[in-house]
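Worth knowing before you read on, the calculation uses all heavy atoms, side chains too, and leaves out hydrogens, waters and symmetry mates. Throughout, a chain's letter reflects where its sequence line sits, starting with A, and its residues are numbered from 1.
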Number of protein chains: 2
Amino acid sequence: MGRRPSRDRATIGDVATEAKVSRATVSRVMNGLATVDPAIAERVRATAVALDYRPNQVARSLALGRTQTIGYVVPDLTNPSFHSGLRGLSRAAAEQGYRVLVADSAEHADEEPGLALDTRRRCDAVVLVAPRMSESDLARLLPDLQPAVLLNRVVAGAGLPQLDVDWASGIRDLVRHLSGLGHRRIAYLQGPVASRSNTARELALAAATGVEVIKIRCGAMFPDGHAAAGQVLDSGVSAVIAFNDVVALGLLGALHELGTDVPGALSVVGFDDIPFAAYTWPPLTTAWVPQEEMGRLAWQRLSALLTPGHPVVDDAPVLLRPRLVVRGSTGRAPLRV
Amino acid sequence: MGRRPSRDRATIGDVATEAKVSRATVSRVMNGLATVDPAIAERVRATAVALDYRPNQVARSLALGRTQTIGYVVPDLTNPSFHSGLRGLSRAAAEQGYRVLVADSAEHADEEPGLALDTRRRCDAVVLVAPRMSESDLARLLPDLQPAVLLNRVVAGAGLPQLDVDWASGIRDLVRHLSGLGHRRIAYLQGPVASRSNTARELALAAATGVEVIKIRCGAMFPDGHAAAGQVLDSGVSAVIAFNDVVALGLLGALHELGTDVPGALSVVGFDDIPFAAYTWPPLTTAWVPQEEMGRLAWQRLSALLTPGHPVVDDAPVLLRPRLVVRGSTGRAPLRV
DNA sequence: TTGTAAGCGTTATCAA
DNA sequence: TTGATAACGCTTACAA
């Protein structure tokens with residue numbers, strides 16, 4: 001038997017009794033069904049207001065079989081690249097009366113499957129961002145997660161919508177830009193080794209011609225980029241491609257401290273185009289990633305999956321192309337002595 | 001009558017039938033009640049696994065009268081100052097099995113009451129961040145929102161926990177720091193006029209002695225700070241206090257473009273200490289705000305409110321003190337000619 | 001220790 | 001057009 005809620009709200013039954021109609025009629029009025037006598041409808045509405053009645057969403061969800069909520073599972077909420085996606089998702093979903101439940105795995109990739117499943121059980125669907133989850137965990141998880149869409153990652157034959165960034169295209173643009181400026185030796189600040197998108201970047205770099213790429217272990221956060229400055233300078237490159245903008249900004253800070261001229265002595269590029277990138281000094285050249293649009297597209301896919309009788313799922317991965325944004329942190333390669 | 005979910009999951013009834021026990025027993029096993037015969041418990045668990053049974057959270061919520069979810073209502077998810085709070089809240093709540101439902105009002109202050117109420121109906125409680133909601137809307141809203149805690153704002157006699165930043169103290173620290181460096185005329189880049197925390201800052205500035213404060217209309221985002229650079233330079237001040245770090249960084253970007261020496265010709269301070277602040281050039285002097293701790297404290301208050309028979313609510317506002325963080329963007333005032 | 005049955009607050013079917 | 005009533009999937013007081 002259930003417990004009475006502490007603040008006892010009016011229920012649909014209270015309204016029905018008070019308005020001298022059945023609960024069914026109250027329900028019809030509240031849901032705007034037209035088949036109700038206008039006079040009665042008006043009376044019901046008045047009593048509802050008088051009793052300060054608000055439909056219990058949980059009970060509705062149980063009866064309807066849907067919660068009008070979708071989950072968004074990410075490794076770290078404080079990472080700026082997930083914000084735009086969340087914003088896009090949240091606003092698009094809101095337009096159709098859906099809410100977003102956010103789950104942050106605090107970077108514990110091993111707990112992500114459990115977290116995702118738990119989130120899923122409270123929602124109608126989930127959007128999963130899990131760049132470091134192992135392929136096998138992911139394969140095991142996905143069937144239980146549906147309806148779901150996978151963000152920032154592609155898994156073959158998963159049978160669900162997948163939206164990813166065309167990392168390779170972004171890297172190619174950056175390399176082309178740098179090599180056009182005369183850079184021949186370029187450092188790459190690696191992201192987390194387990195990260196899929198890092199792998200994608202490295203593959204694209206390996207395929208680049210006309211430039212030599214020096215890989216340097218790094219990470220995904222400010223301090224990682226900051227700490228890598230020494231190695232970058234020692235490597236004797238004339239340009240650096242950072243895993244992302246956050247790393248690039250960390251590096252930029254350290255280079256300033258060391259008195260290195262950017263872009264005079266060293267060109268620096270990032271990836272993502274987070275809002276800060278335009279306001280650093282020098283402003284950061286980077287590859288803009290349409291994260292907010294990804295969020296919107298994710299909702300669009302989910303929305304289709306949630307619509308009864310929706311057409312067959314097209315699970316061909318959608319790759320969104322980054323766009324090169326040239327700012328002040330890149331310049332001509334210094335002449336070699 | 002409810003609709004069957006599309007992917008028909010096993011219910012507690014299926015498990016009961018299959019394991020040849022009652023649903024009550026399955027429930028007891030699933031909830032770890034000790035009063036079950038070990039052999040039976042084991043059988044139930046095995047059947048649950050075999051049927052891939054997962055308790056329906058919505059049904060649980062309805063029966064228990066709680067959702068194990070709390071809402072977090074903010075004006076704009078992309079504003080970095082809300083991220084740490086969300087992170088603190090989300091992680092603290094997760095430790096006790098609670099999830100966070102995020103609602104973003106997209107800066108529409110007039111829609112916030114409705115949004116907050118709707119969010120509340122899906123949750124057991126909400127954390128409200130509404131810096132620009134009118135006093136009257138807020139007063140009307142709060143009684144319907146409880147249990148709730150108010151963040152970044154104080155309302156007299158609201159009867160709910162309130163956590164706010166001691167803006168005045170932070171401003172005083174910044175002013176003292178600047179005046180100690182010889183600055184006598186200081187510009188203040190105003191935040192949104194309707195913002196409570198902006199008002200608090202302005203009051204503290206008005207009370208400051210020994211310095212003259214020039215107010216300049218600005219805003220809360222990068223472009224606002226960027227656009228204010230001209231007015232700042234024209235005003236002939238030697239130091240600027242920006243509404244927040246984001247504005248300060250926007251300003252810093254514009255000052256670089258204009259070739260203004262920071263801090264040689266102009267000192268700049270922000271407010272918040274967002275993660276980026278340490279990595280700009282020069283690194284930003286600012287007032288650190290314990291946002292993540294606020295999130296944790298908010299959960300602590302909420303958790304108390306949600307505990308049956310909790311002690312009386314102490315609704316005296318808690319003011320968290322910022323801490324001055326001196327970095328490179330401030331220096332001695334240039335000698336006046 | 002286990003089962004029966006009522007209850008949580010809705011929606012929806014069907015008969016009136 | 002309206003009202004009984006079953007159903008959604010779970011928890012729990014009470015009886016056995």
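- Contacts of Ser27(B) with the nucleic acid, taken as non-hydrogen atoms under 4.0 Å apart, include base atoms.
- Of the residues near DNA chain D, Arg54(B) and Ala24(A), the one whose nearest nucleotide (by heavy atom distance) lies more toward the 5' end is Ala24(A).
- Atom C1' of nucleotide dG9(D) and atom CG of Leu64(A) are separated by 14 Å, given to the nearest angstrom.
- The phosphate of dT11(D) (OP1 or OP2) has a side-chain N or O of Arg60(B) nearer than 4.0 angstrom.
- Across all strands, Val21(A) comes closer than 4.0 Å only to sugar-phosphate atoms, never to a base (heavy-atom distances).
- Residue Lys20(B) is the one, among Val26(A) and Lys20(B), whose nearest nucleotide of DNA chain C lies closer to the 5' end (criterion: closest heavy atom).
- Rounded to whole angstrom, the span from the CG atom of Asp37(A) across to the C1' atom of dG3(D) amounts to 15 Å.
- Residue Thr35(B) has no polar side-chain atom (N or O) positioned under 4.0 Å from OP1 or OP2 of dT1(C).
- A donor atom on one side chain and an acceptor atom on the other are not found under 3.5 Å apart for Ser197(A) and Arg153(A).
- In the model, Ser105(A) has a side-chain atom that pairs as donor or acceptor with a side-chain atom of Glu112(A) under 3.5 Å.
- Contact check, Asn56(A) against dC8(C): no side-chain N or O comes under 4.0 Å of OP1 or OP2.
- Rounded to an integer number of Å, the gap from CZ of Arg121(A) to P of dC8(D) is 20 Å.
- One atom, CZ of Arg66(B), and another, P of dG9(D), lie 21 Å apart when rounded to the nearest Å.
- For dT4(C), the OP1/OP2 oxygens have no side-chain nitrogen or oxygen of Ser22(B) closer than 4.0 Å.
- Residues Thr67(B) and Asp124(B) bring a donor and an acceptor atom of their side chains to less than 3.5 Å of each other.
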